[in-house]
Each structure stands twice: as C-alpha cells, then as structure tokens.
Amino acid sequence: MNKTEHSVIDSKNYIRIGISLTGLIQGVGFRPHVYRLARYLHLSGWVINTSRGVTIELEGDQESVDQFLPLLESELPPHATILSKAIESLDAIGEKDFRIKESQSTEEIVPLILPDIAVCPECLEEMFDPTNRRYRYPFINCTHCGPRFSIVQSLPYDRPNTTMSTFLQCPDCLMEYENPEDRRFHAQPNACPHCGPQIDFHNLPYSNPFCSGEDALKEAIDSLKRGKILALKGLGGFQLVVSAENEKAVQLLRKRKRRGNKPFALMFPNIESAQAAAHLSEPEQRLLESSEAPIVLVEKKTQDFGTSAPGNPYLGIFLPYTPLHHLLLDLYAKPLIVTSGNLRNEPICIDNDEAFTRLGNIADIFLVHNRPIQRPVDDSVVRIVSGELQILRRARGYAPLPIEVSQDLRPTLAVGGHLKSTIAIGKNNKIILSQHIGNLDTKESVREFESTNSDFQKLYGLTPKTVVHDKHPDYYSTQFAQSHFPKVEKQSIQHHIAHVFSCMAEHLLSPPVLGICWDGTGNGEDGTIWGAESFLLSENKCQRIASILPFRLPGGESAIIETARIATSLLHEAGCETAKDEKTSLFVDMIRKGVHAPICSSMGRLFDGVSALLGLCERADYEGEAAMLLEFEAKHSTTSDAYPCSFVQTDKQGPRLFDWRPMIQQIQCDLIASLSPSDIARKFHHTLVELILEIARQAGQEHIVLTGGCFQNKLLTELTILRLTQSGFKTYTHGQVPPNDGGLAAGQIYATLYPSILQHS
C-alpha cells in the first residue's frame, strides 16, 4: 500500500459503517494501521481501543468503504490477528477527517492480551547505532516488540494501565507516541535514556548501587568473567547467570540453587554460535530466531558445555530476546548459562527487594532495573517433535494467547493440578491458559498460585460460575477451589481424563476419541495410583478400556526418587530373583505385606523401574530423570525388536491390562546375557509402541490422542506417531498446550463442554 496525501472528497453519497473487531489487536500497532489505511482510502471516522477489542467507524464513498476490510486484513501489522468481526450500517454524519480516539473501558472484557515479544530488528539496529538517541539503551522498544503481558495491569492495554505509568515521557518520546505515522505510536513501554527505566549494579543484596547505566553493564561482565553468579532482572522476572565455560562457577550455581544434575539453559550470542554447538534443523532455527524466542531443546553437536546438561544428548538453548540480553552478550561474546531466578520448586522473583532476600544466598552480584514487573513470566521451553512444535513449559512468548473453541463457555475457572501448576479461565468462546507457575510444594509457589488466580479474574473481568479442579483431595489446588469458592458450583475431573481433554482442546476435537494418557501419577477412581490409562470417549460417557498390571511402590513417594525400589517391585512381581541385601529384603517385605507400598498402574513409574534395572538411574536427582536417561540410552540403538506384549483382564467389567511381567523376565534374561542397555532400552520403547497399536486396534477408533508427561519423550512419541499413521490412524499430539500437568487446566475447561462425560469421569 503506497501512502498518499489525505484529502476529503465532497460527496453527498457517503455511507457510514461501524466495525467491531476482536483478536490480538492491542499493543501491536493496529490502530495506526487502521489510521493510515483510512487516510489512504480518503475515509473519515475514528478508531478506538475498548476492553472488548477495537471499534472503527468509517465514512466515505461505497467503493472506498468496500476496499477497507480486505486491505486491513491482508496487510496486518506483525503479531496482529483478527479473530472476529461484526459490521453494521450507520447514518452518515459528514465527518471530514479520520482520528484515533482515546481508549475506553467497557463492562465486558474479552480476554486477549499479547505475550511479551522479543526485541525487533529495527530496535536492535537503533540500539547499536552510535548516532541514535537510544544508543545502547537497555529498554528500547516499539509497537512491534517489548513487554506486554508482564507489565499490563488492566485492560484496555494503554500506558496508564501498565507498570510504565509512572515514567513520564520526555518531549521527544511523547512526539513519537502521539504520531500515528511513527513506529512508536502508542508503544506503551516507549522510553529513552532521559525518561525511562535505568539499570543499577549491586555488589551485595540491599547495598546501594555500585554503579549505573553502561558502567553497570561492564561491571556485570567483569564479574561474570571472574566466575561470579549474577542475578539479572529481566523481562518477566529474575534470572541467574554464569559463564557457561567456567565449570567451577556452574557447579557452584548448582549447589546454591539445589539444582542437582538438572540441565541448565544456555543463551548464545547469535545463531552462528548456537549452530557451532548444536545440530539445528530449519524449524529449530526458526524458533530460536522467532519473536517468541523460547528455550529450544536441540541435539548437541559437541561435548562442550557438559556441565550445563550432564548425561544429556540435548541442550536447552536460546538467543538474547531483550535489549539488555543483547547488550550483555555483545560485551561478553560467549555463551552464558541463564536460568530461572528461584530456588528449586519456587516461582521466579520479580521484585528487587524480593530478589535480594530470596536470591541473596545464591547470587554474588545483582543487575537490576526500576521498571516494575506486574507478574512473573518465566522462559518458555519447546522442542520439535515429528516436525511440529511441542511446548513443554508455556510462558513468555506464548502465554496468555487464547484457545478459541467452537461454542461459548460458561464463565469458568480451572485450577489445574499440583505439579507444573497453571490455571485457566473460560470466557465467551475462549480458553485462556496462564503462564507456568511451578510445583505447589512451597509457600512461595502457593502464594503465587493464589495471586495468579486473583490476577486472572481481575484482569479478564471473570466472575466464575463454575470452578473445575482435580479429583485428588490432597492437591492444594483442589483444596483451594473448595475453600475459596464456597457458593460457586464445583466440578471435579479425573486427572488423566483432563489430560485427554487438554489435547482435544487445541485440536478442537469432539468425541468419539481414543485418549491414551501416560504419565507419572494421578489419583485413580479406584483409590489406587493411575498413570497408564486409555479412555474411549463417546458423546456421553468415558470408558477406561486399558491400563497396565498394577504393582506396588515400596515407600510410596520415596520410590519416585529412589527408583531402585521400583525395580525391586517389578522383579518381585515378575517372579524374578532380587538382590539379597538387607535393604532389598526390606522392600520385598513391604511389598508382600502391602505396608507403606501403595498400588500403582503408572507408565512413568514403569519407565523409572526399567531405568533402574538397567543401572541407568537408581536414584533420581530431579523429576523425570530416570525416564529421560532410559530414552537417551535407547537413542544409541537401532534394533527394531520388541518384548512380549500380552494382556490380562482381572475384572470382566474393567480395563484390559498390559502384562509387563514377561517383559521384565526377558529384560532380566537379556541383562544376564550381556545384551547392551541401549538395545534393551530400545526394545522397551518398541514394546510400548506395539502396546499402543494393540489398544488402538481393539478400540476401533480412528482418532487417537496421545497425552501426559510420558509423551514428552521424543523417541516414544515419534515412534508411536509413525506406527499409528502407517496403520491408518489419525494421531493428535500436543503443540500449544503442554502434554504435562501444565496443560491440565485447559483440559478441565474444555471438559465442561461435555457435561455428561464430566459427570462420569
């Protein structure tokens, strides 16, 4: 579209229309786009932001008015999306110009807020231009980039409703902000070194700033080179930063953060340095360079950075996504470990004083700024599975983008589960899944969970008429739902069925569906621990048609950490010989007597037990480690063999159960015969794929949903998709909604569209 000078055509044949739009159209330069297009077409009228979206009134000749919408939608600004539009005819009033009106609030709020966006190329070019007034300014932004979700306090998204409201713009910034032709027109975080946020360097918590501005950057870099641990206030919260090449510093960070062997993410200065360290496919490179800028799990190319991800063939890598990151990496020019600013199982810090208190025993130095963060937004973690995006932790760049469903939802709040906590709201025809909160094991994470619930209800104007929660009575989220909403209708849904609905939601699937949910643990309907469930969903019921033969967990939750206990249980139940030491004898005695040894049918625990049998992980350092090491071991083998796959049915009315005992017996034989752990691990994976195929064939259902934490396993997921597809099934896996418990809340909302199933879940 070429710009032309605006002129008004004198005509008595003008028509006027009103256009109401919803979508991702606030904070993305949408109104300037409307303004420029209206002037180009010689149309008069106005455009305004409201709590519902954007409203436009246009007046002009018929031909120009007819051209407006097609051009508007074909040339949208970056990141803008129109989800709905309504048009009405109005009486012409003879307006002579087009203007942008002040935003207004309405009673009804449509839940559409743009995520935080990585700094754009135009801003980067300006930041590194010595002649530009924002040269090396760490908070440069425009309508195409910068903070959104992390700074908005209320809708509509205007500067007075953000944490930037206290920063009064200087004349130069205000001129940009008020000029519809400028890239920074109504860029709400707009600022410059004279009027915007500033950075400070602190040697110690609560100390006076040692230095500020460019000196603070240089001091932080010098400290990193000396092996210090930096607490950096970023876009959505604090991050802990050390040199990736300094093994002593990395190990010290592990110790202070209580991280164990869990992988750290690496931030590379540019795509070239990332390519030198990892094998990057085209989709992976696109993700790294995208405006979402997530942490991407990719295969290592070298053994460098071994301390960042010990024993792991993958690296979690990302590129600088804020101006401050770019300035740091520009000076340092080498990879940095950049991880969440928290202790284990706690939410990230967002406030300077909070960081001084909670991170004071971890970080040696602090690089902070004075722009308030409204809510914590951690880095997202993604990977490519079978050529498609899979989000494992949904936060910056993706939250709180909506899932649009086919019918209106009752105003609903879903409180998710216990691990990888998120919440969700259902309003109109949209499901809004919150950013990652974390495990609800600490008072800090519980406080953040409660704050997020309050925040979302206020932000989106939600008064819930239904609250949905997990059936597990001991989850804090369940107790919260029951205690905080005494007069609101409550719905409970079984954990694994909610997982199935979470995958159905993003694909807009309706029953009939075969849902296969494999994960660690979830409260089962029969009082035991489930986690290897297959459900056949019809229009009005949900039938559990398959699982695995139960086994006991000696010591309960202790067995999740000390996985050798699970190995003992599997060997004992399979009739195999177990070790003769005193500890193993105690576990066997617990199993036989059923004392402190709950029954489980969990695929995640089966993974743990087999991993321990192979000597890969007899004691897990972090959640999922044993299963991950089993997957990694299987990648070294190319065998296509599988173990026996047979079923038993202990109850005529109950599900068919995979009898894993012959498999464990054969694994024991393979170990005695010195078959490589890699071949055994690969055979185990192939066995599970054959198990899924058999369940699918017996169910006779074309549409297969794969969900639950076990389908974070890239090898298992890709082998299963290939096998099912070859056999004529349509397979659905997770993309925008995490397959782990981070997606539960979305599934809880979607399930409310099927009340007859929800009542019998």
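These numbers come from the heavy atoms of this one structure, side chains and all, not from hydrogens, waters or symmetry mates. Keep in mind the model is a prediction, meaning the values are calculated, not measured.
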From CA spacing to verdict: side-chain contact (heavy atoms from CB on, under 4.5 Å), Val382, Arg394
CA-CA 8 Å; Val382 308; Arg394 191 175 190 269; over 6 Å; no
Test side-chain contact (heavy atoms from CB on, under 4.5 Å) on Val705 and Ile516 and set out the steps.
CA-CA 6 Å; Val705 163; Ile516 296 176; over 6 Å; no
Run the ring pair (Phe, Tyr, Trp, His ring centres under 6.0 Å) check on His496 and Phe535 step by step: do they pass?
CA-CA 9 Å; His496 302 99; Phe535 300 102; 7.1 Å; no
Between Phe305 and Phe268, does the ring pair (Phe, Tyr, Trp, His ring centres under 6.0 Å) criterion hold? Intermediate values first, please.
CA-CA 12 Å; Phe305 314 114; Phe268 286 84; 5.7 Å; yes
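Note: Thr687 OG1 to Ile692 CD1 = 11.5 Å, rounded to the nearest 0.5 Å. Considering OG1 of Thr639 and NE2 of His685, their distance stands at 13.5 Å, rounded to 0.5 Å. Put simply, CD1 on Ile664 and CG on Leu606 are 6.0 Å apart, with the number rounded to the nearest 0.5 Å.
The environment of Glu247 atom CD is sparse: at most 12 non-hydrogen atoms of other residues, nucleotides or ligands sit within 6.0 angstrom. In this structure, Gln726 places its CD atom where more than 12 heavy-atom neighbours from other residues, nucleotides or ligands lie under 6.0 Å away. Lys262 NZ: 12 or fewer foreign heavy atoms inside a 6.0 Å radius. Annotation: Glu388, atom CD; neighbour count of heavy atoms from other residues, nucleotides and ligands within 6.0 Å does not exceed 12. No more than 12 heavy-atom neighbours from other residues, nucleotides or ligands sit within 6.0 angstrom of CD on Glu557.
The side-chain hydrogen bond (donor to acceptor under 3.5 Å, both in side chains) contacts involving residues 609-630 comprise Lys420-Glu623, where partners must be two or more places apart or lie in separate chains.
A cation-pi arrangement is not found for Arg723 relative to Phe729, the charged atom failing to lie both closer than 6.0 Å to the ring centre and inside a 45° cone about the ring normal.
Ring geometry for Trp518 versus Phe711: interplanar angle under 30°, hence parallel rather than tilted (30 to 60°).
Contact annotation: the side chain of Thr422 never approaches that of Leu744 to less than 4.5 Å [non-hydrogen atoms, C-beta and beyond].
Partners of Glu299 under the side chain to side chain donor-acceptor pair (under 3.5 Å) rule, at least two apart in sequence or in another chain, do not exist in this structure. Taking the side chain to side chain contact (heavy atoms under 4.5 Å, CB included) definition, one finds that Thr478 meets it with His469, Asp470, Tyr475, Gln482, sequence neighbours left out. Listed by chain and residue number, His279 satisfy the side chain to side chain contact (heavy atoms under 4.5 Å, CB included) test with Lys301 (two or more places apart in sequence, or in another chain). Residues passing the side chain to side chain contact (heavy atoms under 4.5 Å, CB included) test with Ile599, sequence neighbours excluded: Thr528, Pro550, Arg552. With sequence neighbours left out, Asp589 forms a side chain to side chain contact (heavy atoms under 4.5 Å, CB included) with Lys593.
Comment: Asp659 engages Arg661 in a salt bridge, judged by a side-chain N to carboxylate O separation of less than 4.0 angstrom.
The shortest non-hydrogen separation linking Ile548 to Leu657 is O-CD2, 3.8 Å.
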